[in-house]
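Single-structure report; data block below.
To find a chain, count down the sequence lines: A is the first, B the second, and so on, and within it residues start at 1. Predicted model only: the values in this text are computed from it and were never measured.
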Amino acid sequence: MTDTEQLGTALAADRAKPKANKLVIFTWGGDLDKVWPTLILATSAAAMGMETIVFFTFWGLFPLVRNDVRLTGDNWMQKLLSAMHRGGTQHLKLSQLNFAGAGPAMMRKLASDHKVASPQELLELAQEMGVRLIPCQMTMDLLGLSREDMIDGLEEPAGAATALAEAQDAITLFI
Amino acid sequence: MTDTEQLGTALAADRAKPKANKLVIFTWGGDLDKVWPTLILATSAAAMGMETIVFFTFWGLFPLVRNDVRLTGDNWMQKLLSAMHRGGTQHLKLSQLNFAGAGPAMMRKLASDHKVASPQELLELAQEMGVRLIPCQMTMDLLGLSREDMIDGLEEPAGAATALAEAQDAITLFI
Amino acid sequence: MTDTEQLGTALAADRAKPKANKLVIFTWGGDLDKVWPTLILATSAAAMGMETIVFFTFWGLFPLVRNDVRLTGDNWMQKLLSAMHRGGTQHLKLSQLNFAGAGPAMMRKLASDHKVASPQELLELAQEMGVRLIPCQMTMDLLGLSREDMIDGLEEPAGAATALAEAQDAITLFI
């Protein structure tokens with residue numbers, strides 16, 4: 001074999017399994033049991049040295065709303081919608097077993113007893129570890145949310161095209 | 001460095017991040033809040049020049065059923081199941097905040113006020129943009145659906161193996 | 001063109017679409033309608049010759065609990081949580097249309113009439129086909145589950161980092 005042939009063969013074998021060193025999560029669900037895996041996977045990936053991006057869209061946006069903010073839409077519809085979903089990581093529900101709030105409290109207690117970080121701690125950890133947190137512009141528009149309603153440390157709001165462009169060379173999960 | 005070495009080095013750096021120019025979405029959820037991100041992501045990807053495929057399975061199949069069709073299964077079970085889920089994009093529910101139909105109407109109104117396209121418009125746009133819409137054969141069999149019950153512009157029904165083969169060189173999302 | 005240039009051109013064209021020959025599913029949902037697509041996709045991929053890994057986390061862990069085991073946590077919270085979720089594939093619910101148990105029975109009957117394998121059969125088939133089934137260590141700790149509470153044929157419990165490392169060169173789905 002010539003050098004060129006050898007290189008070609010080696011590359012062909014290798015090329016079949018290129019390893020992504022990047023994780024892009026599309027977080028759609030705003031419930032506690034969706035936020036938790038999002039942040040555990042994001043911080044784990046960051047700890048492994050991966051570039052990590054979380055694109056928060058639809059219900060997924062709610063945990064990024066400041067705890068001291070009640071959403072204030074321009075009209076009665078946004079107000080009703082907002083009233084149902086208090087923002088911030090303190091008020092997250094479980095998608096199952098909610099028991100009028102007892103379920104999430106139970107899960108938090110379980111997690112704390114077993115030394116699993118809370119969503120608030122994981123969110124702060126993610127920010128410290130350089131996980132890029134991007135809120136979905138279209139969802140913010142839809143809900144009448146402005147930059148000031150959101151927690152600090154987020155990147156500029158962006159759309160689906162931005163998220164997809166980042167996803168092109170990444171492990172992708174829709175949570 | 002020789003030419004071969006230089007090429008090798010350049011390729012090695014590049015190879016780590018091959019960019020997929022294709023998107024394959026497995027759409028499992030038939031609710032309005034799952035159909036919306038599916039179609040927004042699909043049309044965005046198509047606009048970016050990506051080959052885009054949506055594989056509609058399980059509940060995800062319902063929005064592809066013609067609006068004028070009430071599912072008519074062979075037996076009482078399929079009829080009961082069908083009665084619960086009217087097909088087509090006009091009757092989609094939210095997975096949360098349904099308020100006996102008020103929630104989806106609210107979201108549609110919000111979307112329309114903010115110039116976000118409706119699922120029906122997005123579905124037509126996707127078809128015009130060449131997004132490949134593939135219904136899951138197994139789900140159709142399970143629900144007693146035939147080709148005539150489905151909207152126009154779909155590809156031939158196919159199975160999991162077809163969807164997975166398309167997914168091998170694509171960004172993948174399960175929504 | 002020189003040999004090197006030709007090789008470079010050929011590789012550049014090819015490199016854009018490397019085909020993953022591996023599937024990694026993060027199974028988060030424990031309902032029948034999540035377990036089914038997980039196992040159908042996993043067995044289809046294995047039949048196609050792909051290396052296939054399912055990482056069972058959160059609610060997704062429940063179907064792996066032995067049918068003869070009632071979860072026995074260390075404390076009242078785990079007991080309450082466990083009581084709500086009987087383990088094993090016989091008790092899986094639908095996330096929608098549950099009808100106090102009539103929905104899943106209906107789906108199973110439909111599936112059986114149409115010769116679609118049951119979750120139990122698919123799980124056994126997956127094990128026979130060499131699908132690697134990995135339970136999430138953190139979820140097991142959280143729910144007080146030990147290795148003995150789980151069905152046979154699983155790999156050692158592992159964490160998010162292990163699952164992400166496997167995902168780097170795979171098609172990835174979060175179900």
Side-chain angles (χ1 to χ4, degrees), chain B residues 2-8 10-11 14-22 24-26 28-31 51 55 57-60 62 73-78 80-81 83-85 93 95 136 138-144 159-175, chain C residues 2-5 7-9 11-12 14-29 32-34 36-48 50 52 94-97 99 102-103 105-117 168 170-175:
Chain B
T2 66
D3 264 13
T4 307
E5 282 169 341
Q6 276 183 319
L7 177 64
L11 286 174
D14 203 27
R15 211 181 333 127
K17 297 196 166 198
K19 301 230 177 201
N21 199 30
K22 185 174 174 182
V24 175
I25 301 179
F26 293 74
W28 167 92
D31 291 316
E51 180 182 1
F55 180 69
T57 188
F58 233 92
W59 313 114
F62 286 102
D74 297 338
N75 55 52
W76 66 270
M77 288 181 300
Q78 286 169 337
L80 177 52
L81 210 52
M84 300 302 296
H85 259 88
K93 291 188 281 193
S95 67
C136 170
M138 187 189 287
T139 308
M140 287 180 60
D141 290 348
L142 208 54
L143 297 175
T162 301
L164 285 168
E166 293 289 357
Q168 286 184 288
D169 55 357
I171 301 170
T172 51
L173 300 171
F174 186 96
I175 295 185
Chain C
T2 65
D3 265 14
T4 307
E5 282 169 340
L7 176 65
T9 307
L11 287 173
D14 203 28
R15 212 181 331 128
K17 296 196 167 198
K19 301 231 177 200
N21 200 28
K22 185 174 174 182
L23 172 67
V24 175
I25 301 179
F26 294 74
T27 298
W28 168 93
L32 181 59
D33 47 7
K34 291 287 180 87
W36 229 324
T38 293
L39 293 173
I40 287 170
L41 286 165
T43 50
S44 298
M48 293 165 76
M50 292 192 200
T52 309
L94 285 171
S95 66
Q96 301 179 32
L97 306 181
F99 302 128
M106 215 157 60
M107 289 298 291
R108 284 175 202 278
K109 178 81 168 65
L110 266 177
S112 139
D113 289 352
H114 287 84
K115 309 217 187 328
V116 181
Q168 286 184 290
I171 301 170
T172 51
L173 300 171
F174 186 97
I175 296 185

What pairs with C:Ser44 under side-chain contact (heavy atoms from CB on, under 4.5 Å), at least two apart in sequence or on another chain? B:Ala160, B:Leu164, C:Ile40
So, B:Trp28 side chain and C:Asp33 main chain: donor-acceptor pair closer than 3.5 Å or not? yes
Contact origin within B:Thr57 toward chain C - heavy atom pairs under 4.5 Å: neither
Measure B:Ala170 against the heavy atoms of chain C and call it side chain, backbone, both or neither at under 4.5 Å. neither
Under 4.5 Å from any heavy atom of chain B, what part of C:Leu23 do you find: side chain, backbone, both or neither? side chain
Distance, nearest 0.5 Å, that separates OG1 of B:Thr139 from CH2 of C:Trp36: 10.5 Å
Rounded to the nearest 0.5 Å, the CD1 atom of C:Ile171 sits from the CZ atom of B:Phe174 at a distance of 13.5 Å
Just wondering, are more than 12 heavy atoms of other shown residues or ligands nearer than 6.0 Å to CE in C:Met50? yes
Enter the distance from C:Ile175:CD1 to B:Ile175:CD1 here, rounded to the nearest 0.5 Å. 12.5 Å
Using 0.5 Å steps for rounding, measure from the CZ atom of B:Phe26 to the CG atom of C:Leu41. 5.5 Å
